[in-house]
Every structure is written in structure tokens, then in C-alpha cells.
Amino acid sequence: QVQLVESGGGLVQAGDSLRLSCVASGGTVSGYAMGWFRQSPGKEREFVAAIGLRTGSTNYADSVKGRFTISRDNAKNTAYLQMNSLKPEDTAVYYCAVERSRSWGAPRMESAYAYWGQGTQVTVSS
């Protein structure tokens, strides 16, 4: 059973940067896409970014494109989300996930993911 632990969240000001990490244990995730999602109070969880097996296979939500960068280090069983130029509307709990079955892509849909972390809070003040 794969377990995921996110870290790196915190309270920052608008315009600042944060780097989230997601470490997987209990199995190797190198053969599967990994994604980041977020949920704000009163809203449904939404897709942020995903990275597939191959370098360059990435997907981003329009709201974060150009500001966020997803990456992975398979040797460390870890995914990252570099978040630059943060805005108050980026405030949310951020979750990482590993896809259910190998798609060779970078899926955007929650249903494509089987394993989820507990989340890390990101708060951006104006």
C-alpha cells in the first residue's frame, strides 16, 4: 500500500514562493503519474498539476500555468510542486496523489488517482 506524505506548506505573502514535497513509501511510484490537487474551504478539490513517466509530460491548471512547476525524482520516490508568484486565491490544502493504473500521460481527473496524501496547508496573505 503506497503512502504519501506532503510537506512544505506554510503562511506566505502574495508574490512569495513555496516548494511542496510529496514523499511516497510502501512501494515505488516511478512507474506512475503523480499529481497535485488543492481544496479551498467551501470548494471542491481541484486539479493543479500532474507529471507523467516521461520528462516533459506535464499538465497544469490554467490558473497556475506559468507560476507553478511540477517535477519528480524517481530515485527519491518524491514529487515536487514549485509555486512562484503566489496569490491569495492559491490558499488551500494541497494534496499529492499517485495514479491508479499506468496511463503514460499526466491525468487531470481525480478518478485517475488511487493514492492520496493527507495534505499540507498553504496560506497566502495579501
Side-chain angles (χ1 to χ4, degrees):
Q1 181 80 1
V2 172
Q3 294 182 328
L4 304 173
V5 178
E6 303 96 334
S7 62
L11 172 62
V12 297
Q13 293 186 331
D16 285 351
S17 298
L18 278 175
R19 188 194 195 203
L20 305 184
S21 299
C22 171
V23 179
S25 61
T28 180
V29 297
S30 60
Y32 300 90
M34 298 182 74
W36 286 95
F37 292 76
R38 67 187 182 187
Q39 186 169 23
S40 304
K43 295 185 178 181
E44 293 188 351
R45 189 158 56 186
E46 63 175 359
F47 170 77
V48 175
I51 185 166
L53 306 181
R54 300 187 181 95
T55 301
S57 176
T58 56
N59 247 324
Y60 294 95
D62 289 344
S63 59
V64 306
K65 200 172 294 183
R67 299 188 298 122
F68 290 12
T69 302
I70 188 171
S71 61
R72 65 190 298 167
D73 185 337
N74 289 332
K76 296 182 178 180
N77 243 13
T78 300
Y80 305 96
L81 185 67
Q82 177 67 44
M83 306 185 296
N84 299 329
S85 303
L86 282 162
K87 304 176 181 180
E89 50 265 43
D90 294 319
T91 295
V93 177
Y94 284 71
Y95 300 89
C96 73
V98 175
E99 73 176 333
R100 185 180 312 276
S101 57
R102 188 175 299 170
S103 67
W104 301 101
R108 305 168 68 97
M109 294 179 61
E110 276 195 51
S111 59
Y113 295 87
Y115 304 101
W116 295 82
Q118 83 291 345
T120 185
Q121 176 71 46
V122 172
T123 303
V124 184
S125 63
S126 57

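Treat the numbers as computed from the prediction; the structure is a model and nothing was measured. These values consider heavy atoms only, across backbone and side chains, with no hydrogens, waters or symmetry-generated copies.
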Any heavy-atom pair between the side chains of Y60 and V48 that's under 4.5 Å? no
side-chain contact (heavy atoms from CB on, under 4.5 Å) between W116 and E110: does it pass, once the steps are laid out? CA-CA 10 Å; W116 295 82; E110 276 195 51; 3.9 Å; yes
Rounded to the nearest 0.5 Å, how far apart are OG of S40 and CZ of R45? 12.5 Å
With distance as the sole test, does E99 use its side chain to make a donor-acceptor pair with the main-chain N or O of A33 at under 3.5 Å? yes
Can M83 be reached from F47 by stepping across I, L, V, M, F, W or Y side chains whose heavy atoms are under 4.5 Å apart? no
Side-chain donor-acceptor contact under 3.5 Å, T123 with Q121: yes
Can W36 be reached from V12 by stepping across I, L, V, M, F, W or Y side chains whose heavy atoms are under 4.5 Å apart? yes
Any donor-acceptor pair under 3.5 Å from T78 side chain to K76 backbone: yes
Closer than 3.5 angstrom, by distance alone: can the side chain of R100 be matched with the main-chain N or O of Y113 as a donor-acceptor pair? yes
Shortest non-hydrogen pair, A24 vs V2, comes out as CB-CG1, 4.3 Å
What's the separation between atom OH in Y80 and atom CD1 in I70, rounded to the nearest 0.5 Å? 12.0 Å
Derivation and outcome, side-chain contact (heavy atoms from CB on, under 4.5 Å), residues L4 and V98: CA-CA 8 Å; L4 304 173; V98 175; 3.8 Å; yes
Can I get a per-line list of side-chain donor-acceptor pairs under 3.5 Å for residues 88-97, giving both atom names and the distance, sequence neighbours left out?
{"residue": "D90", "atom": "OD1", "partner": "R38", "partner atom": "NH1", "Å": "2.9"}
{"residue": "D90", "atom": "OD1", "partner": "R67", "partner atom": "NH2", "Å": "3.0"}
{"residue": "D90", "atom": "OD2", "partner": "R67", "partner atom": "NH1", "Å": "2.7"}
{"residue": "D90", "atom": "OD2", "partner": "R67", "partner atom": "NH2", "Å": "3.4"}
{"residue": "D90", "atom": "OD2", "partner": "K87", "partner atom": "N", "Å": "2.8"}
{"residue": "T91", "atom": "OG1", "partner": "P88", "partner atom": "O", "Å": "2.9"}
{"residue": "T91", "atom": "OG1", "partner": "V124", "partner atom": "N", "Å": "2.9"}
{"residue": "T91", "atom": "OG1", "partner": "V124", "partner atom": "O", "Å": "3.4"}
{"residue": "Y94", "atom": "OH", "partner": "R38", "partner atom": "NH1", "Å": "2.9"}
{"residue": "Y94", "atom": "OH", "partner": "D90", "partner atom": "O", "Å": "2.6"}

How far apart are the closest heavy atoms of A49 and L81, and which atoms are they? CB-CD1, 4.1 Å
State whether the side chain of E6 and the backbone N or O of G119 hold a donor-acceptor pair below 3.5 Å, judged by distance alone. yes
Taking the side chain as everything from C-beta on, heavy atoms only, tell me whether C22 gets closer than 4.5 Å to M34. yes
What distance separates L86 CG from F68 CZ, expressed to the nearest 0.5 Å? 5.0 Å
From R108 atom CZ to F37 atom CZ, the distance as rounded to the nearest 0.5 Å: 9.5 Å
Counting C-beta onward and ignoring hydrogens, is there a side-chain heavy-atom pair between Q82 and S17 closer than 4.5 Å? yes
Once rounded to the nearest 0.5 Å, what's the spacing between atom CG of N77 and atom OG of S25? 8.0 Å
Distance, nearest 0.5 Å, that separates CG of L18 from CG of N84: 9.5 Å
If Ile, Leu, Val, Met, Phe, Trp and Tyr residues are connected whenever their side-chain heavy atoms lie under 4.5 Å apart, and connections chain through other members, are Y115 and L20 in the same group? yes
